[in-house]
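Everything below concerns the one structure shown next.
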Amino acid sequence: MRVFKFGGASVKDANAVKNVAKVLKATGFSELLIIVSAMGKTTNAFEKIVDSYLDKTIKTKSLIQDVYDYHHKIVEELFESKQHPVFNKINNLFKDIETTLARNKSTQYDFIYDQIVGYGELISTVIVSEYLNDQEFKNEWLDARDFIKTDDAYRDAAVDWEITQQNITKKVNRKGLSVTQGFIGSNKNNFTTTLGREGSDYTAGIFAYCLNAESVSIWKDVPGVLNGDPRVFENTKLLSHVSYEEAIELAFFGASVIHPKTIQPLQRKEIPLYVKSFLNPSGKGTSVKKGQPLDPYMPCYIVKKNQILLSLSSLDFSFIVEDNISEVFKLFHQHHIKVDLIQNSAISFSVCLDDKFNHFEPLLQLLKAKFKVTYNMGVSLFTIRHFTDKAIQSLEKNKDILLKQITRETYQMVAKD
Ligand code: ASP
């Protein structure tokens, strides 16, 4: 069985959805599970809805209406008959959103977020599944929440592999074509949970692992994995072959082309991963497999924007050693703040942080009680894997550098934006 993942850009409008059918025609569609993200920038739009709902602004209704209009337009372009069942299905999903918000009693942001934002994927998969059915790509729509079971860590849920494996083994039809959502799962109480932003790749990894899939293909708007994000770096080149280890490193340092958690389940079962362009399904793209050397071998550039550089020193000039450091890391963990880079000296300790969930303020208050704290918000973390002197020189040009670190294969630098 193969697993395909189509991200937001690959279903961003009616033409893009039609293109999914073209890809399936070119690749064949039996024994296939496809994982679909929310359309275009829908997840961001739902995030705004959640914020507006919690701030009790009057805008919430009109923000929901905007998301409705966007999807309705796509549906109108894809389906000629206004009697088509898809119209009702989409309307019902939007009614569910309104009922969920009206009935909600929780004030917990992360919980509400997951109950609402996951509708992006539910809506997109209904549209894609219905469209494919109409085009003779007969398929079964699956609710990913019946398969992927997680803990209660809303917005960053951890998978319960045992139950997930049982559900997938029992209930996925291995012969035909199935369509399901990326990003979402559910907990023991059947509340929706999400796997973190850009988590649909990870969903593909989870299903592939549990199905012992033959391969996973991620369809993108770029030709494959490039040696840098083309929106940021010039003259980027396609990497044809990448090992699992290299892909994990690249994803960990922030290469947004693959979600960092995706590779591990694939690596464990040696399931090949292909990253390809949905505009050119027969193109070679990138293959990620066991042990293959990086080909072509060249510096790979990664940038993570909007990071925080935090430096701590003790209030009494005592050393920053293991016990303070372990305490600090515990606080990062409790606040769901990810550490990208660490550097320490005798009396100071610096880290570059990714505060995806905006929990830095409360953390800062706790740290200030114990340490002298300095920090820079909105900095960028640049990484070059397989650096050369020339690559470093050109990257450093005109940058206000705050910190640098070099290991055998990896150069990293934090600079002001
Ligand atoms: N729709 C989610 C997001 O935009 C998940 C994904 O697309 O991978 O983060």
Side-chain angles (χ1 to χ4, degrees), residues 3-13 16-17 20 33-51 63 66-67 70-71 74 93 97 109-110 112-129 142-145 147-148 150 153-159 179-186 192-208 216-222 225 229 231 247 251-252 254-266 273 275-276 278 304-306 336 338 354-358:
V3 175
F4 283 3
K5 181 254 169 171
F6 289 94
S10 60
V11 287
K12 68 176 197 291
D13 53 28
V17 175
V20 170
L33 169 69
I34 69 175
I35 315 281
V36 184
S37 299
M39 295 180 149
K41 302 266 178 261
T42 301
T43 305
N44 294 354
F46 272 121
E47 286 185 342
K48 291 215 177 79
I49 291 171
V50 173
D51 291 347
L63 291 175
D66 291 345
V67 178
Y70 165 65
H71 287 94
I74 295 177
L93 286 169
I97 295 172
Y109 180 85
D110 293 350
I112 301 168
Y113 179 103
D114 279 5
Q115 305 324 302
I116 297 303
V117 171
Y119 275 98
E121 270 69 14
L122 292 168
I123 299 164
S124 71
T125 50
V126 164
I127 298 174
V128 171
S129 166
L142 307 177
D143 188 332
R145 296 170 297 183
F147 296 86
I148 297 187
T150 72
Y154 295 107
R155 291 181 74 199
D156 196 16
V159 174
V179 176
T180 196
Q181 308 78 43
F183 187 47
I184 60 173
S186 67
T192 307
T193 53
T194 62
L195 305 172
R197 285 301 309 262
E198 312 293 334
S200 296
D201 288 358
Y202 184 36
T203 305
I206 299 166
F207 272 100
V216 172
S217 302
I218 297 182
W219 298 93
K220 309 275 296 183
D221 54 1
V222 285
V225 180
D229 182 338
R231 290 166 300 186
F252 174 80
S256 58
V257 69
I258 308 170
H259 188 277
K261 286 185 189 164
T262 313
I263 314 287
Q264 262 147 354
L266 302 181
L273 169 69
V275 181
K276 291 185 168 205
F278 56 73
K304 263 183 142 174
K305 295 201 167 164
N306 210 10
H336 291 273
K338 300 249 176 349
D354 192 357
D355 179 27
K356 280 195 206 138
F357 304 114
N358 289 327

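The model shown is predicted, which means the values in this text are computed figures rather than measured ones. One-based numbering, in listed order, for ligands and for the atoms of each.
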| message | Below 4.0 Å from ligand 1: does a non-hydrogen atom of Gly199 turn up there or not? | response | yes

| note | ligand 1 to Ser37, heavy atom cutoff 4.0 Å, flagged ligand atoms 6 (C), 7 (O), 8 (O)

| message | Within the 4.0 Å heavy-atom shell around Thr43, which atoms of ligand 1 are there? | response | 1 (N), 2 (C), 3 (C), 4 (O)

| said: If I compare all heavy atoms of Leu266 with all of Ala208, which pair ends up nearest, and what's the gap? | reply: CD2-CB, 3.8 Å

| said: I'd like to know if the side chain of Thr125 and the backbone of Leu122 have a donor-acceptor N/O pair within less than 3.5 Å. | reply: yes

| Any N or O on Lys5 sitting closer than 3.5 Å to an N or O of ligand 1? | no

| remark: The atoms of ligand 1 lying under 4.0 Å from a heavy atom of Ser200, numbered in the order shown, are 5 (C), 6 (C), 7 (O), 8 (O)

| said: If the contact criterion is a heavy-atom separation under 4.0 Å, does Glu121 count as touching ligand 1? | reply: yes

| request: Anything under 30° is parallel, anything over 60° is perpendicular, the rest tilted; go ahead and classify Tyr113 against Tyr109. | output: tilted

| task | Apply side-chain contact (heavy atoms from CB on, under 4.5 Å) to Ile206 and Leu195, showing your working. | result | CA-CA 11 Å; Ile206 299 166; Leu195 305 172; 4.0 Å; yes

| Thr193-Asp114 side chain donor-acceptor pair, cut-off 3.5 Å | no

| request: Under 4.0 Å from a heavy atom of Arg197: give me the atoms of ligand 1 that qualify, with their elements. | output: 3 (C), 4 (O), 9 (O)

| query | Out of Thr42, Thr43, Val50, which one pairs with Phe46 under the side chain to side chain contact (heavy atoms under 4.5 Å, CB included) rule? | reply | Thr42

